[in-house]
There are 2 protein chains.
Amino acid sequence: MYNVSNADGTVGKAIQVLDQVASFRRPVRFSELLANSPFPKPTLYRLVQTLSNQGMLAFDPERQTYSMGIRLVRLAHSAWRYSSLVPVARPYIEALAAKVGEAVHLAQLDNGHVLFVDKCKATDHFETLAQAGKIAPGYCTGVGKAILAFMPEVEQNRALDQQSYTAYTPFTLTNRAALMTEIAQIKEDGFAYDREEHEQGIISIACPILNGQGRVVGAVSIATSTNRYTIKNLEKQRPNLMRSANLIGAEAELWQVPIWN
Amino acid sequence: MYNVSNADGTVGKAIQVLDQVASFRRPVRFSELLANSPFPKPTLYRLVQTLSNQGMLAFDPERQTYSMGIRLVRLAHSAWRYSSLVPVARPYIEALAAKVGEAVHLAQLDNGHVLFVDKCKATDHFETLAQAGKIAPGYCTGVGKAILAFMPEVEQNRALDQQSYTAYTPFTLTNRAALMTEIAQIKEDGFAYDREEHEQGIISIACPILNGQGRVVGAVSIATSTNRYTIKNLEKQRPNLMRSANLIGAEAELWQVPIWN
DNA sequence: TTTAAGTGTCTCAAATAATGAAACTCGGTT
DNA sequence: AACCGAGTTTCATTATTTGAGACACTTAAA
């Protein structure tokens, strides 16, 4: 997934195993891993052992299963707290959530996927890693499309290739051509909409966050339900949303998107 | 920190580097890492390169600094969502928070340190240091002492050795002997108190979570401020707290503490 | 302009760690 | 009792990692 071409030695393989375990979303047996693994048995065995020793995986000796280790949570906290957009953006998205009274999301792009790094619900706003860390597809979310639209062309192409174009709802854009048309529109407009493309009944308006060099570093969105809002009504939030995005962008002027984005 | 003795090959070294970068809590230059690294220059160089390629570190080419990569956030989300106590404990701590009207914390022990894995605030009256993914010392927090007290002796000893015994406040227990006395008391009593030992003005009552085999898998606490509660008043919450801890423990019967805990 | 010092990057033979076919355990079946 | 399958270990082979040192490149002082 990352650097499919060159496997980056043993460390790369180990991380590949981490990804594999994560993809199961449940404790997994060695044999299950082995069945879907490019590595021969003893190699995989040693990798999971090492990772377990290190606390990156957790081994349950009773059931003989592996799951993700808590050490990751600790490491990720650091990433989240000191190297994502969160520290810069927090005050602005909180203010925005309070003002519009709807959920506000902050996302970055991680290898073609939208990674939600923060979320403020106007009501109870203490969610942390709960929502943060969640991933969603880029092609059918407001934040995803907003980021995609403003990416440099080479990276954009790569990202567009990585989308699955699965139809989550009848409104999902299910091919690259359709997405590209939409993206051209978004680039012109400056805003992206999620018209129930990912989840039925959920709509959002998103705006890219551009840093001082005009590089897209993430996106903010206001998400709501079709019970309370229509796209037309959401459009009225454009000034609020844009102001917040600009403020975050200005402050993130010196913040850099990691090179592998 | 983990397995200081045996370095687990290249993968172990790479993870050591991740820890080191995390410990800076800010973007860090290669030379800074090198200065505190056991590895020779080219080795460290290749490690950070590999980790950056993999998205575990993020390299800022402008400032030539490394910080934690967002890929970690994604991986950690998996750990948090599917392998911590959180999925089991969520409903109970939410109910408890609603009932007592104070912040409830859920913690696990990660290599001698308290790792807060979840938190429910009933209201917004005060800010603790605690947030999901955040770590705190074991020896001066309610949850930490509760877990330590009920650990098997061998692991307990190891954990007690790992504590720093820094005096965060005048009330902090600053040596192993004092902590051991306290721990004996806690084991007898079944409850641990934080009497402003970590943060001035913040007190808590904590209860260990024991699984079906009587093994401690974490702890729950009710944390509050000295403005609203005294330790005496907190004691009245013992039945509520214990009930929640027992319910979580029962459900986590089959949940296993990772072997490296 | 030159010299020097500090960083980051690259080279290559030597040292070491990773590899994987095959063999071995150890439950639970047939 | 023999078989099977999942997990674990062995060990000679192979490939990767290693690290002293050399090389760029930038900045700072001479």
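Naming: A, B, ... by sequence-line order, numbering from 1 per chain. Hydrogens, waters and symmetry mates play no part in the numbers below; they use all other heavy atoms, side chains included.
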Roughly how far, to the nearest 0.5 Å, is the OG atom of B:Ser52 from the CG atom of B:Leu47? 10.5 Å
Would you say the side chains of A:Asn36 and A:Gln20 form a donor-acceptor pair under 3.5 Å? no
Please report the distance, rounded to the nearest Å, between CZ in A:Arg46 and C1' in D:dT9. 10 Å
Just the rounded figure in Å: distance from P of D:dT8 to CG of A:Leu33. 12 Å
Give the rounded distance in Å between these two atoms: CG of B:Leu47 and C1' of D:dT18. 11 Å
Please work out whether the ring planes of B:Phe116 and B:His105 are parallel, tilted or perpendicular, with thresholds of 30° and 60°. perpendicular
Using heavy-atom distances to pick each residue's nearest nucleotide on DNA chain C, tell me which of A:Lys41 and B:Gln64 is more 5'. B:Gln64
In terms of ring plane angle, is the pair A:Tyr66 and A:Phe59 parallel, tilted or perpendicular, where the classes change at 30° and 60°? tilted
So, taking the atom named CG in B:Leu106 and the one named CD1 in B:Ile248, what distance separates them when rounded to the nearest 0.5 Å? 6.0 Å
Classify B:Arg29 by what it touches in the nucleic acid, base, sugar-phosphate, or nothing, heavy-atom distance under 4.0 Å. sugar-phosphate
In whole Å, what is the span from the CG atom of A:Asp8 to the P atom of D:dA15? 19 Å
Would you grab the first and last nucleotide of DNA chain C (5' to 3') that comes under 4.0 Å of any non-hydrogen atom in chain B? C:dT7 to C:dA18
Does a side-chain N or O of B:Thr43 approach OP1 or OP2 of D:dT17 to a distance below 4.0 Å, or not? no
What is the nucleic acid contact for A:Pro42, judged by heavy atoms within less than 4.0 Å: base, sugar-phosphate only, or nothing? base
Value rounded to 0.5 Å, distance of CG in A:Leu51 from CG in A:Leu57: 4.5 Å
Starting from P on D:dT8, measure out to CG on A:Asn53 and report it in whole angstrom. 12 Å
Does CZ belonging to B:Arg25 count more than 12 external heavy atoms closer than 6.0 Å? no
Please check the phosphate of D:dG7 (OP1 and OP2 only) for any side-chain N or O of A:Tyr45 closer than 4.0 Å. no
Calculate the interatomic distance between A:Gln49 atom CD and D:dA6 atom P; express it in whole Å. 18 Å
